[in-house]
Amino acid sequence: MTRLSQYLLPTEKEAPADAEAISHKLMVRAGLIRQVGAGMWTWLPAGWRVHQRTVSIIREEMDRIGGQELLMPVLQPADPWRKTGRLAIDELFKLLDRKGSELVLAMTHEEIVTEHVARVVRSYRDLPLILYQFQIKERDEPRPRAGVLRTREFIMKDSYSFDRDAAGMEERYEAHAAAYDRIMDRTGLRYYRVESDVGMMGGLGAHEYMAPCPAGENEIALAPGYAANVEVASADAAFVVLEDEPAAAERIATPGLTTVAEVSGSLSVPAGALLKAYPVVPADAAGKLVLVLVRGDHRVNEIKLANALGTASRPAHAEEIAAKLGPPGFIGPVGLDGRVEILLDAAVADGAYVTGANEPDCHLRGVVPGRDFKFTRVDVRTVQAGDTVGGQAITIEPAIEVGNIFKLGTRYSEPLQASYLDETGAALPIWMGSYGIGPARIVAAAVEQYADDHGISWPRALAPFAVHLVGIGKADTPERGAAEELYENLLAGGIEVLYDDRDVGPGEKFADAELLGCPLRLTVGARALKTGDVEVQLRRGLRSAAGLPLDHDVADLTQALDDLWRSLP
RNA sequence: CGGGACGUGGCGCAGCUUGGUAGCGCACCUGCUUUGGGAGCAGGGGGUCGCCGGUUCAAAUCCGGCCGUCCCGACCA
C-alpha cells in the first residue's frame with residue numbers, strides 16, 4: 001500500500017534536538033528511522049525499503065561469487081569465544097541464562113561458522129567454501145553516535161571463506177574485493193577501497209571500503225592512485241630546510257621552552273628542523289623504555305607504532321621519563337649510551353636537528369642522527385596534508401567504513417580445530433577470510449553524500465520508491481481523478497510509486513517529496529490537465545525534465561519512465 | 001573511562017534565578033473556507049514536568065541520589 005494517506009511516513013519539520021549528523025537529522029525527519037535508545041533504532045517502512053534494497057544488491061553480488069547464504073544465531077555459548085581468546089573483548093555482550101550457563105550476543109560470527117565448518121568439512125574435496133548471512137550484530141559500543149552510523153545493534157552481511165591454503169584464501173579474498181567493488185558501484189556511493197589495519201580481528205591483511213562523508217569517523221589519505229586509512233598510511237613528508245651540520249652538536253640555553261612551537265620560535269628554525277622525542281613503554285616489556293623520534297612538525301601514529309614494535313605501548317609517565325632520560329620537555333636521544341632503544345621515523349632526512357639535551361632548560365643544536373646517536377629506522381608518523389605520494393599531494397578526508405575484508409589465515413581455524421585431510425591424508429588447518437559490510441552505513445552514507453538543503457536525494461539504486469507522485473487539488477476534482485488514474489497505470493506498469501493522495505496543501509506535499517528524496521517526482525494538477533502533460537522533476541539538482549503525456553497507455557508510460565530512470569545517477 | 005550539555009504533551013522550546021492553578025509554536029481532533037510551495041477562522045483533546053528521596057503549608061522550580069540522551073576526547077571486528 002503506497003498511498004501516502006495510509007502509509008506510515010511520519011515526516012517532521014524539525015530535526016530532533018540531539019541530532020548532529022546530516023544523515024541522523026534527515027533520516028529521522030523523512031520518517032525512515034526512529035530511536036529506541038542509545039544506539040538502538042527502528043527502521044520504519046520507507047527506511048526499511050531502502051535498507052532491503054541495499055541488502056538485495058549485496059546478496060546478488062555474494063551469490064555471483066558463489067556465496068551460500070545461511071543464518072546463524074546471535075545468542076551463542078561463550079565457550080568458542082573463550083577458545084579464540086575473544087571472550088575478553090569489552091564490546092562483547094555477555095550474559096547468563098537461568099541455569100547459569102555463560103552466553104554471549106555475537107558481535108560477529110567467526111567462532112560459530114568455524115565450529116560448523118570444523119565439524120562438517122573433512123576433506124580437501126569439501127573446499128573451498130564461501131558462507132554468508134545477513135544477521136544482527138550486537139556490540140556494547142562505548143559511544144553510539146550519529147543515528148544509524150554507529151549503533152549497538154545492526155545488521156551486517158558477514159561472509160567467511162574457507163580454503164586449503166594461503167593461495168586459495170587469496171583467491172577468495174580477491175573474489176570478495178571484486179564483489180565489494182561491484183556492490184559499491186551499484187549503490188551509487190562515492191567510495192574508496194583503502195589499506196587498513198587488521199585490528200582486533202587479527203590476520204594477514206585487510207582492506208576497508210570507505211565512503212567519504214562529513215559525519216565519517218575515520219580519516220583517509222588520498223592521492224592519485226593511492227588511498228589508505230590514515231591509521232596505516234605512508235607518504236613522503238614535505239621538505240624542510242635544515243641547518244648545516246656543525247662539527248659537533250652545541251648546547252644552547254632554552255629556559256622554560258618545553259614545546260616544539262616554543263623552541264622553534266625562539267631559535268627561528270622551522271618546527272620540522274626539531275626532533276620530537278616521544279618515550280613509550282611497550283605493553284610486553286614492563287620497565288623498558290623506547291624513545292620514538294619524529295620530526296617536530298609530525299605526530300606519532302599509535303597504530304603504526306604498535307605495528308613497528310610488534311606490541312601495543314603507552315606513553316611513558318613523567319616519573320619514568322625523569323628516571324631514565326631527563327626532565328620532561330627537554331629530553332633527547334644524545335648520550336643515552338644504549339640504555340634506551342631509539343626509533344627514528346622514516347621521514348627524518350639526513351642532516352642536523354635540534355633536540356632536547358636531557359638537562360633542564362637546555363637543548364642541543366646540530367644533532368646528526370647516526371653520528372650523535374644510534375637508531376633503528378621505522379615508519380611511525382601520521383601522514384598529513386602537504387605530504388606527497390609519488391610526487392602527488394595527498395588530501396585527507398573524513399569517511400565512514402561501510403565494509404571490510406580480512407585475510408584471517410588460521411587465526412580461528414587453529415584454536416577451533418577446523419582442519420581437513422589433504423591428498424596424502426595429512427590434517428591441515430583451513431585458511432580463512434572474513435568479510436563484512438553494513439547496509440545501514442551504506443544507507444546513511446548515501447544520505448550524507450547526496451543531501452541538499454531540501455532533504456535526501458537518493459541514488460536510484462537505493463531510493464525507497466522510484467516515483468513520488470504528487471496529486472494536487474481537492475479530492476473528487478478532475479485533476480485528482482487524473483492523478484488516481486496515473487497511479488493505477490504506474491502500478492500496472494510495475495513502477496514502484498509512492499502516491500501522495502493526502503488532503504493537504506501542495507507546499508506540504510512538495511516539501512515532503514523533497515525531504516524523502518525519491519529520484520523522480522511526478523506532479524498532476526489542474527496545470528497538467530490543461531497542457532496534457534505530467535510534470536517531471538528530477539530530485540538530484542531539482543531539475544525539471546520533459547513532461548510525460550497524460551494519455552500515454554501503460555506500455556508507453558512504463559517505457560518512457562524506464563528510459564528516464566536509466567539516465568539517473 | 002575523562003570533559004561538557006540536556007531531560008517540561010508526538011516534535012521544537014519557554015517557565016526554574018526569586019517555590020504559589022503548567023505555557024508557546026508546530027503537529028493532532030471537529031466544523032467551515034482554502035488547494036501549484038509547509039493555508040485561514042472558530043472550537044477542542046492531550047503533559048505522573050526522567051525516576052526516587054529530602055526541605056517546605058506548598059516543588060517543574062531548592063537540595064541529594066539515581067537513570068536516560070547527546071556532543072568532544074579515549075575506545076571502536
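Residue numbers start from 1 in every chain, and the chains themselves are labelled A, B, ... in the order their sequence lines are given, proteins ahead of strands.
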Study note, to complete from the structure: Rounded to the nearest 0.5 Å, the CG atom of A:N229 sits from the OH atom of A:Y192 at a distance of 14.0 Å
What about [X]: does its side chain form a donor-acceptor pair under 3.5 Å with the base of [N]?
X	N	value
A:R150	B:rC76	yes
A:E479	B:rG36	no
A:R521	B:rG37	yes
A:E535	B:rG36	yes

Review point. Listed by chain and number, what are the ring pair (Phe, Tyr, Trp, His ring centres under 6.0 Å) partners of A:H116, not counting sequence neighbours?
Key: none
Check your understanding: Where do A:D181 and A:Y191 land on the side chain to side chain contact (heavy atoms under 4.5 Å, CB included) test, with the steps shown first?
Key -> CA-CA 9 Å; A:D181 287 349; A:Y191 74 98; 4.0 Å; yes
Tell me which nucleotide, if any, is Watson-Crick or G-U wobble paired with [N] when both distances must be under 3.5 Å.
N	answer
B:rA39	B:rU33
B:rC24	B:rG12
B:rU55	none

Practice item. Indicate, with a heavy-atom threshold strictly under 4.0 Å, whether A:M40 touches base, sugar-phosphate, or nothing. Key: nothing
Check your understanding: Hey, does the Lys NZ or Arg CZ of A:K407 hover above the aromatic six-ring of A:Y173, less than 6.0 Å from the centre and inside 45° of the axis?
Key -> yes
Check your understanding: To the side chain of A:R29, which of B:rC75, B:rC71, B:rG38 is closest?
Key -> B:rG38
**Study point:** Nucleotide nearest A:E14 when distance is taken to its side chain, options B:rU69, B:rG25, B:rU35
**Key:** B:rG25
Check your understanding: Within the structure, does a side-chain N or O atom of A:R480 lie under 4.0 Å from either OP1 or OP2 of B:rU35?
Key -> no
Review point. A:R143 side chain N/O closer than 4.0 Å to the phosphate oxygens (OP1, OP2) of B:rC71?
Key: yes
Check your understanding: What interatomic distance, in whole Å, is found between P of B:rA22 and the corresponding atom of B:rG45?
Key -> 16 Å
Point to revise | Whole-Å C1' distance, B:rU18 and B:rC11 | key: 31 Å
